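The shown structure was predicted, so the numbers you read here are calculated from the model rather than taken from an experiment. Because only heavy atoms are used, hydrogens play no part in the values below, and waters and symmetry mates are left out as well, while side chains stay in.
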Amino acid sequence: MRVILDNLGLIGEGLRTTLIIALLAYAGALVVGTIVAVFRVGPIPPLRALGAAWVAVSCNIPTLCLMILAAFAAPRAGVPINLFGAAVLAIVFSASGFVCEAVRSGINSVPRGQIEAARALGMRFGGIIGQVVLPQALARVIQPLVNILISCLIGSSLTAAIGVRELTSVTQQLNLEYAEAVVCFLVSGLIYLALAFAATRVGHALERRLEATRGVSA
């Protein structure tokens, strides 16, 4: 364990970068995925087709391929982007398709009667989605969204392949320097496990709080 204790600062820096990548990517995926989900349930056929195509592409191309394309192909095409930005954008695009499908399932679970009542009150589509449907839909799919957050955390480890110094990259560096693969990657894996466990617990707590709130309001 000496290799770990002597390099806690380096590991902490890698962990910080991992968290920043994962949280930025997750926030972006939530926004983009929710918009695409609205496209998919909306009344405009071209937007529905765009949403379906977005999901088909984003969910079926490996995240690592997307990172490499963003990091190395985009600059050749005249789009300046650094490695960190390429990593975040690739995870945003990949995760947004899964967010879309999770949110869409939540939208479809909202009772049709509430939507019809909102229409009877004269609300437009945007108001119905923003004020009636999405708040309920998001509350119903908390755990799937937490699972996507965990996927973003795990997916951030792929950024080591394009040269971003996050936790996995630091682990690889320590292994090359000290030749202690078992210890280095065991500790790294336990850190990812702890992050995933913490995210799951937060998701469960949020679910219970929302259920308690709905019980009181009922």
Side-chain angles (χ1 to χ4, degrees), residues 7 9-40 42 44 46-104 126 130 134 138 145-177 184-185 188-189 191-192 195-196 199:
N7 293 278
L10 188 62
I11 294 171
E13 289 271 332
L15 175 59
R16 182 175 68 87
T17 303
T18 289
L19 290 174
I20 291 173
I21 291 172
L23 293 176
L24 285 177
Y26 184 62
L30 275 180
V31 173
V32 175
T34 301
I35 292 172
V36 176
V38 172
F39 285 175
R40 294 206 67 184
I44 304 174
L47 291 182
R48 290 202 302 269
L50 174 61
W54 185 283
V55 171
V57 174
S58 63
C59 292
N60 292 290
I61 296 181
T63 307
L64 181 57
C65 291
L66 294 171
M67 285 184 188
I68 293 173
L69 289 172
F72 303 113
R76 290 187 180 182
V79 181
I81 185 170
N82 58 29
L83 296 178
F84 182 89
V88 172
L89 287 178
I91 299 175
V92 167
F93 182 64
S94 181
S96 65
F98 296 99
V99 170
C100 169
E101 292 302 277
V103 173
R104 188 166 71 98
L134 277 182
L138 293 174
L145 293 178
V146 170
N147 292 338
I148 295 170
L149 170 59
I150 294 172
S151 295
C152 290
L153 283 167
I154 304 303
S156 68
S157 64
L158 296 172
T159 62
I162 62 172
V164 178
R165 286 179 56 80
E166 44 69 67
L167 182 59
T168 297
S169 177
V170 168
T171 304
Q172 291 174 340
Q173 176 186 337
L174 292 177
N175 176 46
L176 291 173
E177 188 174 340
C184 291
F185 283 96
S188 178
I191 292 174
Y192 282 111
L195 292 174

Go through it in stages, so that I can follow the logic: the residues are Ile148 and Leu30, the test is side chain to side chain contact (heavy atoms under 4.5 Å, CB included), and I'd like the CA-CA distance, side-chain angles, deciding distance and then a yes or no. CA-CA 9 Å; Ile148 295 170; Leu30 275 180; over 6 Å; no

Quick one: do Val92 and Val31 satisfy side chain to side chain contact (heavy atoms under 4.5 Å, CB included)? Show the steps, please. CA-CA 9 Å; Val92 167; Val31 173; over 6 Å; no

State, with a plain yes or no, whether a side-chain heavy atom of Phe98 is found less than 4.5 Å away from one of Ser151. no

Of the non-hydrogen atoms in Ser58 and Gly97, which two are nearest, and what is the gap between them? OG-CA, 3.2 Å

I'd like to know whether Val36 forms a side chain to side chain contact (heavy atoms under 4.5 Å, CB included) with Val99, so could you lay out the CA-CA distance, the side-chain angles of the two residues, the decisive distance to 0.1 Å, and finally the verdict. CA-CA 9 Å; Val36 176; Val99 170; over 6 Å; no

Given 3.5 Å as the limit, does a donor-acceptor pair link the side chain of Gln172 with the main chain of Asn175, or not? no

Distance-minimising heavy-atom pair for Val32 and Ser96: CG1-CB, 3.8 Å

Between Ala22 and Leu153, what is the shortest heavy-atom contact and its length? CB-CD2, 3.4 Å

Nearest 0.5 Å, please: how far is CG in Leu83 from CZ in Phe72? 6.0 Å

To the closest 0.5 Å, what do you measure between OG1 (Thr168) and OH (Tyr192)? 3.0 Å

So which heavy atom on Ile91 is nearest to which on Cys152, and how close? CG2-SG, 3.9 Å

Results of ring-ring contact (aromatic ring centres under 6.0 Å, His included) for Phe93 - residues two or more places apart only: Trp54

Kindly compute the distance separating CG (Leu69) from CG (Leu64), expressed to the nearest 0.5 Å. 9.5 Å

Interatomic distance, Thr18 atom OG1 to Arg165 atom CZ [nearest 0.5 angstrom]: 11.5 Å

Mind listing the closest non-hydrogen atom pair of Arg48 and Phe39 along with its distance? CG-O, 3.3 Å

Check: Gln173 and Leu10 side chains under 4.5 Å, non-hydrogen atoms: yes

Heavy-atom closest contact (Leu145 atom, Tyr26 atom, distance): O-OH, 2.8 Å

Taking atom OG of Ser156 and atom CD1 of Ile20, what is their separation to the nearest 0.5 Å? 11.5 Å

Hey, could you give me the CG/CE distance between Leu89 and Met67, rounded to the nearest 0.5 Å? 10.5 Å

Less than 4.5 Å apart, side chain to side chain, heavy atoms only: is that true for Ile11 and Leu167? yes

Residues Val55, Arg104; criterion side chain to side chain contact (heavy atoms under 4.5 Å, CB included); working and verdict: CA-CA 11 Å; Val55 171; Arg104 188 166 71 98; over 6 Å; no

